[in-house]
Amino acid sequence: MTTYITTPIYYVNALPHLGHAYSTIVADSYGRYKKLCGDQVRFQTGTDEHGEKIAQAAEGKNLSPKEYVDGISAAFRGTWPTLAIEPDNFIRTTDPGHIKTVQDVLQKVYDKGDIYFSEYSGLYCKGCERFLTEKELVDGKCPDHLTAPDEIAEQNYFFRMSNYQDWLINHIKENPEFITPQRYRNEVLSFLSEPLEDLCISRPVSRLTWGIPLPFDEKFVTYVWFDALINYLTGLGYPEGQDFENFWPVAEHVIAKDILKPHAIFWPTMLKSMGVEPYKRLHVHGYWNVDETKMSKSIGNVVRPAELVDAYGVDTVRYFVLREMSFGLDSSFGTEAITARHNSDLANDLGNVFSRCLTMIHKYNGGGVPAVDEAVLTDEDRELIDAIGVMHETYCRSMDEFAFHRALAAVWEIVGRLNKFVVTNAPWELAKDPANTPRLHTVLYILAETLRILALVIKPIMPGASARMEECLTLSDELRSLTLDKGVVWGLTSVGTALSKPAQLFPRLEKKKKKKQVQQPANAEGSGKKKKQEKKSEPVEGVIDFADFLKVELRVAKITAAEKVKKADKLIKLTLLAPEERTVVAGIAKFYTPEELVGKQVIIVANLQPRKLMGETSHGMVLAAKETTPDGEERLVLSTVSDAIAPGSKVS
RNA sequence: GGCGAUGUAGCUCAGCAGGUUAGAGCAUACGGCUCAUAUCCGUAGUGUCCGGGGUUCAAGUCCCUGCAUCGCCA
């Protein structure tokens, strides 16, 4: 059996965040799982590097597009190993091989007659650099730039997507698993119930040069989606080769819901047109919110995977995202949530049970795995063993369905049972009387064997923790390399195996509960009932508490560009790095010229709700001090830091 | 405006195709153990299953309607 699993190729206009990490962890874990099932697996991720936004971003940084994308692509590539993500192939749409294949595909589709040249006229907004639909306009103007769009006619190439609409509808209906979870399948079908328009697949070179030239007309480059989707094929050496034959028929794509349409509609019709079978499954997941709100650059609450790994460790991060999110639905990320998962599931349950079991084998049998005495086997023992069989089934079914949270819940059911088993069998009691030795040995064996199986099933999700468990259990290479089917079989641990001392798999994290700090003198009030309801300190007028202060996120930002806002004599539009790029409009035009601002470091409120000022949306606020001089003149001075520091540094 | 999803214990959610006292984890309270990472085990709960109608012997589970939130489309 073979498995081909892909993530989207990530658009290099931003650095990796939790959402990217999630898609990639999912694909990696699924790939590892399939490998553990004995499949030959190919796992691909990469970066998407063409298009208008990239060209703009590069220009904004005074870099050539290629220099710019090289940097961000490397950041993605470098992030994955820190999350124990091991793709077999990392593809870039600027790879020469990819470019050639895209051109071959275009030519093929063109020759088939599915691409035509046509004039398109529409309302083009220079600010957005794209055509707007009538419906998007507000009072006839672009809602973002408040300017009237130009009616322009442009000639472009179009892909006859509409030719394949009926075929696609049928295909989706006949293959219930083609798009999962179902809610997204419904969404696509509902979208397809309306006539499909053809897809514009070119951009004139006059407007954009950063793209793949059309093979049949050099005055145009390829629209990014047409270019990007093909990565899934080029990564396999399409149009020929063993990889393509082995893996394409089993292709499974993991995506987030924002790119559903290109993957569920553009891509299958493109494949159909070029004469390639559609992919097997498309797995669509939801968004990670951060503490109830959307994660976005402008709010400044973007979660960086590297920071998470530093704070919690790779295994915890992988476990958390897979356990916490029901695949397909949105979830919310919060430090309390991940700390709670780490402490309760990983440290208290799995980590602790691992530690206590190994310790007992050391204390009561010198660290060697003792033999089972069939004569003293109880119903309860058999129940535990049976439960492991049930877990195995649920686990596999859930992993196959991308229901990772359910797979993990099933594993933790066994962790819970093992803890109960320890308590009801109390080896420390058995050890007191030599007459109980056969039973003690049997119990200890069950502990060791259950741990071995737990180490095996968590391997795809937490490869590190799994390896540490196997290490302590001193499993042979043979036992470590078993497939699931062969490995989740009772009784494989050999009697006499000498175990190592237990490692602390997941050290507990201290909760940052500042709320519980009580300042009341110990016996100020009479004993009796505990006063559970700690009085909240009375609010004092004009005084905020520390928690309120923490809500304000201050950051150092570097000004990279500044220009006056038209028709506003007080406003200057600033482009800042903090560390990501953002726009902030500041009412400082009377005091500073745009020229003198560029290069300055300022302090901004980074998590202020975005607000529109004279047509520009401001994502934050620049801090400044203001005074009125004795002669009645106003003076304003920007707040800054006393020495150079990395853009985006927090101020507190 | 059209289509769709969701609304269940303080929190996060399970409840598959209608059937006895509605479940799990976390959090809370009390009790127990000592092998263990101040961990674990047991007990205790509380729920107008969003509101209102209806179908049925029987509805959290089906139908209609209203409200709220979200998504897609226009």
Side-chain angles (χ1 to χ4, degrees), chain A residues 133-137 179 181-197 256-261 264-265 284-287 289 291-294 320 323-334 336-365 367 394 397-398 401 403 405-406 408-413 415-432 440 443-444 447 451 465 472 501-511 513 515-516 529-530 532-533:
Chain A
T133 63
E134 297 263 1
K135 297 287 162 77
E136 282 179 288
L137 303 183
I179 301 168
Q182 244 202 352
R183 51 191 314 158
Y184 298 107
R185 180 172 178 263
N186 293 345
E187 203 172 295
V188 172
L189 282 173
S190 131
F191 183 78
L192 286 171
S193 65
E194 300 289 321
L196 208 50
E197 282 183 27
K257 62 183 181 182
D258 57 331
I259 51 175
L260 175 61
K261 214 193 292 180
I265 295 172
V284 189
H285 69 75
Y287 284 149
N289 294 322
D291 295 329
E292 315 298 307
T293 52
K294 276 192 179 172
F320 174 78
R323 177 66 184 81
E324 194 77 2
M325 180 176 261
S326 294
F327 191 89
L329 302 178
D330 290 357
S331 265
S332 134
F333 173 87
E336 322 79 45
I338 189 170
T339 305
R341 283 282 177 207
H342 175 94
N343 281 343
S344 71
D345 295 1
L346 298 178
N348 294 351
D349 289 348
L350 179 62
N352 182 56
V353 83
F354 180 74
S355 163
R356 71 195 300 207
C357 290
L358 283 195
T359 304
M360 283 188 284
I361 294 169
H362 277 281
K363 272 199 174 161
Y364 306 132
N365 201 49
T394 311
R397 186 163 20 87
S398 304
E401 289 172 356
H405 65 301
R406 242 182 267 159
L408 287 167
V411 173
W412 257 256
E413 148 102 34
V415 174
R417 273 177 184 268
L418 186 57
N419 262 325
K420 285 187 184 71
F421 184 86
V422 171
V423 171
T424 50
N425 288 284
W428 52 93
E429 287 296 327
L430 294 172
K432 288 176 184 167
L440 174 65
V443 167
L444 294 181
L447 304 185
L451 291 178
C472 292
K501 292 277 179 190
Q504 208 177 31
L505 294 178
F506 301 99
R508 281 181 67 83
L509 295 170
E510 286 311 312
K511 288 180 195 163
K513 273 194 181 170
K515 288 174 193 167
K516 292 235 166 166
K529 287 280 175 189
K530 286 160 223 156
K532 260 291 136 180
Q533 301 118 344

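No hydrogens, no waters, no symmetry mates; every other heavy atom, side chains included, goes into these values. Chain letters run A, B, ... following the sequence lines, proteins first, then strands; residues in each count from 1.
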B:C33 C1' sits how many Å from A:M360 CE, rounded? 12 Å

Measure from the side chain of A:S190, starting at C-beta and using heavy atoms only, and say which of B:C73, B:C35, B:C3 lies closest. B:C3

Rounded to the Å, how far apart are A:K501 NZ and B:U37 P? 11 Å

Are side-chain heavy atoms of A:E401 and A:R406 found at a separation under 4.5 Å? yes

To the nearest 0.5 angstrom, please state how far the CZ atom of A:R323 sits from the CG atom of A:L408. 6.5 Å

Taking B:U34 as the reference, what is the distance to B:A24 when you measure between their C1' atoms (whole Å, please)? 28 Å

Pairwise C1' distance for B:U48 and B:G25, with rounding to whole Å: 25 Å

Looking at A:K363, I'd like to know whether one of its side-chain N or O atoms comes within less than 4.0 Å of OP1 or OP2 on B:A36. yes

Trace of the side chain to side chain contact (heavy atoms under 4.5 Å, CB included) decision for A:N419 with A:R356: CA-CA 9 Å; A:N419 262 325; A:R356 71 195 300 207; 2.6 Å; yes

So A:L505, base contact, sugar-phosphate only, or nothing? Heavy-atom distance under 4.0 Å. base

Atom-to-atom span, CG of A:L430 to C1' of B:C33 - whole angstrom: 14 Å

Determine the contact category for A:E187: base if any of its heavy atoms lies under 4.0 Å from a base atom, sugar-phosphate if only primed atoms, P, OP1 or OP2 are that close, otherwise nothing. sugar-phosphate

Take atom P in B:A27 and the same atom in B:A36, then report the distance between them in whole Å. 23 Å

Which whole-number value in Å describes the distance from A:R397 CZ to B:C16 P? 15 Å

Answer with base, sugar-phosphate or nothing: what part of the nucleic acid does A:Y184 contact at a heavy-atom distance below 4.0 Å? nothing

How many whole angstroms separate atom CZ of A:F191 from atom C1' of B:G2? 14 Å

Looking only at non-hydrogen atoms, find the nearest pair between A:R183 and A:G328 and report the distance. CD-O, 4.4 Å

Determine the interatomic distance between C1' on B:C70 and the same-named atom on B:G10; round to the nearest Å. 23 Å

If I pick the C1' atom on B:G45 and the same atom on B:G2, what distance separates them, to the nearest angstrom? 46 Å

If we take the P atom in both B:G52 and B:G18, what is their distance in whole Å? 23 Å

Just the rounded figure in Å: distance from P of B:G25 to CD of A:E324. 16 Å

The answer to which of A:C357 and A:L329 contacts RNA chain B further toward the 5' end, by nearest nucleotide, is A:L329

Expressed in whole Å, how much space separates the P atoms belonging to B:U21 and B:A58? 15 Å

Would you check if A:E187 and A:I179 make a side-chain contact, meaning some heavy-atom pair closer than 4.5 Å? no

Which one is paired to B:C72, where only Watson-Crick or G-U wobble pairs with both distances under 3.5 angstrom count? B:G2

What is the separation between atom CD on A:E429 and atom P on B:C33, rounded to the nearest whole Å? 10 Å

Closest to the side chain of A:K257, out of B:C35, B:A14, B:G71, is B:G71

Ignoring hydrogens and angles, write down the donor-acceptor pairs under 3.5 Å from the side chains of residues 344-353 of chain A, residues two or more places apart or on other chains.
residue: A:S344; atom: OG; partner: A:A340; partner atom: O; Å: 2.9
residue: A:D345; atom: OD2; partner: A:Y319; partner atom: OH; Å: 2.6
residue: A:D345; atom: OD2; partner: A:R341; partner atom: NH1; Å: 2.9
residue: A:N348; atom: OD1; partner: A:R508; partner atom: NH1; Å: 2.5
residue: A:N348; atom: ND2; partner: A:N343; partner atom: O; Å: 3.4

Answer with base, sugar-phosphate or nothing: what part of the nucleic acid does A:S355 contact at a heavy-atom distance below 4.0 Å? base

Could you work out the separation of B:C50 and B:U8 based on their P atoms and round it to a whole Å? 6 Å

Listed pairs, N/O of protein and of nucleotides 39-41 of chain B, under 3.5 Å:
residue: B:U39; atom: OP1; partner: A:R508; partner atom: NE; Å: 2.8
residue: B:U39; atom: OP1; partner: A:R508; partner atom: NH1; Å: 3.3
residue: B:U39; atom: OP1; partner: A:R508; partner atom: NH2; Å: 2.9
residue: B:U39; atom: O5'; partner: A:R508; partner atom: NH1; Å: 3.3
residue: B:U39; atom: O2'; partner: A:N348; partner atom: O; Å: 3.3
residue: B:U39; atom: O2'; partner: A:N352; partner atom: OD1; Å: 3.2
residue: B:U39; atom: O2'; partner: A:N352; partner atom: ND2; Å: 2.2
residue: B:C40; atom: OP1; partner: A:D349; partner atom: OD1; Å: 3.3
residue: B:C40; atom: O2'; partner: A:R356; partner atom: NH1; Å: 3.1

Can you measure A:W428 atom CH2 to B:G32 atom P for me and round it to whole angstrom units? 16 Å

